[in-house]
Amino acid sequence: MEPCTSSLHFMTHPLTAFREIDVVSSKAISWELSSLNPKNRVDKIRPESSWRIDGVDVDGTRFHVVPSFAVSRPPMRIDLLIPDHENHPGALRTTLQTASPMTFRGKRRLEALDFCRYLASSLQSWSESIRDFETVYWDLPFGSSIVLSQLGTTQEAQNLCIDFSLNYKVEQQLLSVAALQDLWGFDRSSWPMVLDISQLHLVRQPHDAISLVTIDGCGEGELMVFKSLTQDIRFLYHELRILLSMPPHPNIIGRPKYIVTKLCRFGAKRGVCGFILDYYPDGTLRDALWDEARAMRLPPHVQSAKTSTMMGLSTRSRLAREFASALVHIAENPSTTGGFFTGTKTANVVLDCGGGRSRREPRVVVIDFEQRTGQPTWNPPEIMHVQILELLASSSSSPSITPTSSTESTGVAAKYASLLQSYIPGWKSLYATEPVRRTTGNVSSVGYSRPWIALSPEQREAAQVFMLGKLLWCLFESVGSIDSSRNLETFAEPSWCDQEFPEFRRTPIPLREWIRSCTAGAPEWGGRFPALQKREDGRLYARDSNSCLRGPRFVDGEDQTPREEAEKTAVAWWKGQVEESTKFLEYRLRQARGIDDGVEAPAQYEAWRTRPTLKTVLRVLEDFERSLNGNS
């Protein structure tokens, strides 16, 4: 399966279990659709464009675009949306490799792609065709989009397929500073200074939630982070509430420097649209570990220079201890954080080399307190099983999943919604709008992730220990992420990495059993891995397939292409996974109701009980760090 939107959905969404496989014809492409046909050739791509592409989402259909006149102006979060890759004309898809942005990270690498140059050229031609375009642009509501509904080969045809999509929902959902203060009951004098968005100057838009900006009167060109969301504002406000109320810790992102407001179109309301955080230019732990892994693959005569900035074992042990210390701090402040952190992954740990530190001696800074459910590859089974059923129960209202049929999706959603409502009273679809909650005791501190809310405090701690164990494995193995081919960023991860959790190669022996204890219940320990595996050509194949050929092969009495084989394998795997998740939730329901049917539960259902506590793991890491430094 090549990188594309459908492949991403196929490997990450449990609705795959209910899909029918479309047989892909292996016949040669007709002349009508061939990229060699002159009518399918793209008009000249303009070498220069006043539009730039700063970033792209993991599915390759949302691009963070910035026209030149918007640089050094307020960030209005106007993105470009394009159709799913399956809806791109075949000739263009081949010629321009329209799915290629899914496999790249970094602004410079994106700009070099033919498809990104094509998009920038198309935006240039389209914007020039609109009278007084700049005025129209600045009049858009915050968080609106530019939609390219169909890719064309001529600029004239393309201009007809691009338009604005006005998003009024964001500004309607924004609350004023006074409204948030009333909801949360905080001391108003303790709040940061409030800025109007007009005081921010956009430098770069690398991520859908992160804008790099400078601020009037704040340092001389000092880069800072403007955190904002263009949908589901409740998560933005939840993070703001946590950061404003949590006691400081040296390894957790500090309080917002400023609150940012914007004058809205409805009732002259001045709503909170984001906040300002410190910027850490040294990047994430994920990227640092992938850089290390890449350097270790180089020839020896090149490797020495590249590995000179690699972290030593003592540094890794310190980083591990710092992260564990941050988790303990969060657990000890339940009134502000809910007592847990759902965002453990290497991408949510930034490295700080400031204060005279070398790149070999950074410190950990934990970021992202939206407290969403997170990615299944990092989550423990007790979260993952509920998450899978929650995705199915919400499938009929999902904006990104196209089911086999609406009737089928509705039936699937209704079945699992009923099961979830028995387990979590008042459960609602993932895509249902919820208001920002008023603080009443600790009610608002737990956030909006229902799989986490459903757990007891002890179970939440055990779930955090599981995720900590996976991060420790990444850190000591120099692997950037837990890539089990169910990761939304799978296609952007290096294709050459041949190591998967839980294989140990570099982790010190004393820590291996502790990592195994932390991750008790992980299906990988029992030999259960996802159905698909990425190979060096960047495509996904059935895990047990020995073929990387693109042509048909004879499997179980049938001719199959590698894609057909991968799809059938994924469907079968997801059927088993959905069945297992259903059994798990039914077990939890019987347990909650005190029903003893005499059937012994599988060991993995109660594996959370065998995991150590956060404080125990922290003590182990402290002892290991002292042993490296020669202290007993």
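Index from 1, following the sequence.
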Quiz item: Looking at CG of Leu175 and CD of Gln181, how far apart are the two atoms once the value is rounded to the nearest 0.5 Å?
Solution: 12.0 Å
Quiz item: Is there a donor-acceptor pair closer than 3.5 Å between any side-chain N or O of Arg363 and the backbone N or O of Pro250?
Solution: yes
Quiz prompt | Main-chain N/O of Leu244 paired to Arg255 side chain as donor or acceptor, under 3.5 Å | solution = yes
Quiz prompt | Nearest-0.5 Å distance that lies between atom CG in Leu223 and atom OG1 in Thr214 | solution = 7.5 Å
Quiz item: Is Glu461 salt-bridged to Lys615, going by a charged N under 4.0 Å from an acidic O?
Solution: no
Practice problem: Look at the side chain of Lys470 and the backbone N and O of Thr377, then say whether any donor-acceptor pair between them is shorter than 3.5 Å. | Solution: yes
Exercise. Please check if the side chain of Gln205 supplies one atom and the backbone of Leu212 the other of a donor-acceptor pair under 3.5 Å.
Key: no
Quiz item: Between the side chains of Ser325 and His249, does any donor sit under 3.5 Å from an acceptor?
Solution: yes
Quiz prompt | NZ/NE/NH1/NH2 to OD/OE distance under 4.0 Å, Arg62 and Asp79 | solution = yes
Practice problem: Might you work through the side chain to side chain contact (heavy atoms under 4.5 Å, CB included) test for Tyr258 and Val194, ending with a clear yes or no? | Solution: CA-CA 6 Å; Tyr258 304 97; Val194 177; over 6 Å; no
Quiz prompt | Check: Ala607 main-chain N/O paired with Thr610 side-chain donor or acceptor under 3.5 Å | solution = yes
Quiz prompt | Main-chain N/O of Leu621 paired with Arg321 side-chain donor or acceptor, under 3.5 Å | solution = no
Practice problem: Indicate yes or no for a side-chain donor-acceptor contact from Asn348 to the backbone of Gly343 under 3.5 Å, with no hydrogens or angles considered. | Solution: yes
Quiz item: What are the two closest heavy atoms between Trp452 and Met467, and how far apart are they?
Solution: CZ2-SD, 3.6 Å
Quiz item: Between Ile215 and Phe226, is any pair of side-chain heavy atoms under 4.5 Å apart?
Solution: no
Quiz item: Which heavy-atom pair separates Gly521 from Phe466 by the least distance, and what is that distance?
Solution: C-CE1, 4.5 Å
Quiz item: Once you round to the nearest 0.5 Å, how far does CG of Leu80 lie from CZ of Phe63?
Solution: 7.0 Å
Quiz item: Around Gln199, counting heavy atoms of other residues, nucleotides and ligands shown, do more than 12 lie under 6.0 Å from its CD?
Solution: yes
Exercise. May I ask you to decide if the ring planes of Phe369 and Phe341 are parallel, tilted or perpendicular, using 30° and 60° as cut-offs?
Key: tilted
Practice problem: Could you tell me whether Asp232 and Lys169 have a side-chain N and a carboxylate O separated by less than 4.0 Å? | Solution: no
Exercise. Examine the side chains of Gln173 and Tyr237 and answer whether a donor and an acceptor come within less than 3.5 Å of each other.
Key: no
Self-check item: Trace of the side chain to side chain contact (heavy atoms under 4.5 Å, CB included) decision for Thr613 with Val465
Solution: CA-CA 7 Å; Thr613 64; Val465 169; 5.8 Å; no
Quiz item: Does Arg372 count as lying over the ring of Phe235, i.e. NZ or CZ under 6.0 Å from the six-ring centre, within 45 degrees of the axis?
Solution: yes
Quiz item: Atom CD of Gln387 and atom CG of Leu430: how far apart are they, to the nearest 0.5 Å?
Solution: 8.5 Å
Practice problem: Step by step, work out the side chain to side chain contact (heavy atoms under 4.5 Å, CB included) result for Ile367 and Leu277. | Solution: CA-CA 10 Å; Ile367 62 171; Leu277 297 169; over 6 Å; no
Quiz item: Are more than 12 heavy atoms from other residues, nucleotides or ligands located less than 6.0 Å from atom NZ of Lys257?
Solution: no
Quiz item: Can you find a side-chain donor-acceptor pair between Trp608 and Glu458 that sits under 3.5 Å?
Solution: no
Quiz item: About how many Å separate OG1 of Thr230 and CZ of Phe142, when rounded to the nearest 0.5 Å?
Solution: 7.5 Å
Quiz prompt | Side chain proximity check, Val260 to Phe275, heavy atoms < 4.5 angstrom | solution = no
Quiz item: Arg318 side chain to Glu625 main-chain N or O, any donor-acceptor pair under 3.5 Å?
Solution: no
Self-check item: Arg588 charged N/C atom sitting above Tyr423 aromatic ring, 6.0 Å / 45°
Solution: no
Exercise. Work out which heavy atom in Phe186 is nearest to a heavy atom in Ser245; give both atom names and the distance.
Key: CZ-CB, 3.7 Å
Quiz item: Side chains of Val386 and Arg450: closer than 4.5 Å at any heavy-atom pair?
Solution: no
Quiz prompt | Criterion salt bridge (charged side-chain N to carboxylate O under 4.0 Å, His left out) against Glu382, the qualifying member of Arg460, Arg609, Arg611 | solution = Arg611
Quiz item: When the ring planes of Phe584 and Tyr605 are compared, do they come out parallel, tilted or perpendicular, using 30° and 60° as the limits?
Solution: perpendicular
Quiz item: To the nearest 0.5 Å, what is the distance between CG (Leu202) and CZ (Arg77)?
Solution: 9.5 Å
Quiz item: What is the minimum heavy-atom distance between Gly143 and Asn167, and which atoms define it?
Solution: O-ND2, 3.3 Å
Practice problem: State, with a plain yes or no, whether a side-chain heavy atom of Val364 is found less than 4.5 Å away from one of Leu285. | Solution: no
Quiz item: Does the side chain of Leu140 reach to within under 4.5 Å of the side chain of Met76, using non-hydrogen atoms?
Solution: no
Quiz item: Quick check: does any side chain N or O of Arg241 sit under 3.5 Å from a backbone N or O of Thr336, one acting as donor and the other as acceptor?
Solution: yes
Exercise. Using the ring-ring contact (aromatic ring centres under 6.0 Å, His included) rule, pick out the option among Trp473, Trp378, Phe476 that qualifies with Phe501.
Key: Trp473
Quiz item: Charged N to carboxylate O below 4.0 Å: is that the case for Glu134 and Arg73?
Solution: yes
Quiz item: Closest heavy-atom contact between Ile276 and Val213?
Solution: CD1-CG2, 4.2 Å
Exercise. Evaluate the side-chain proximity of Lys227 to Asp368: yes if any heavy-atom separation is below 4.5 Å, no if none is.
Key: yes
Self-check item: Stepwise side chain to side chain contact (heavy atoms under 4.5 Å, CB included) test for Glu222 and Tyr279
Solution: CA-CA 9 Å; Glu222 179 185 2; Tyr279 172 55; over 6 Å; no
Quiz item: Is a side-chain donor or acceptor of Ser581 paired with a backbone partner of Val578 at a separation under 3.5 angstrom?
Solution: no
Quiz item: Quick one: do the Ser449 and Gln371 side chains pair a donor with an acceptor below 3.5 Å?
Solution: no
Quiz item: Under 4.0 Å between a Lys/Arg side-chain N and an Asp/Glu carboxylate O for Asp196 and Arg270?
Solution: yes
Practice problem: Work out which heavy atom in Ala324 is nearest to a heavy atom in Leu468; give both atom names and the distance. | Solution: CB-CD2, 4.2 Å
Quiz item: Do Val147 and Asp163 come close enough that some side-chain heavy atom pair is under 4.5 Å?
Solution: no
Quiz item: Is there side-chain contact between His385 and Leu585, with at least one heavy-atom pair below 4.5 Å?
Solution: no
Quiz prompt | Check ion pair Lys262-Glu171 (N to O, under 4.0 angstrom) | solution = yes
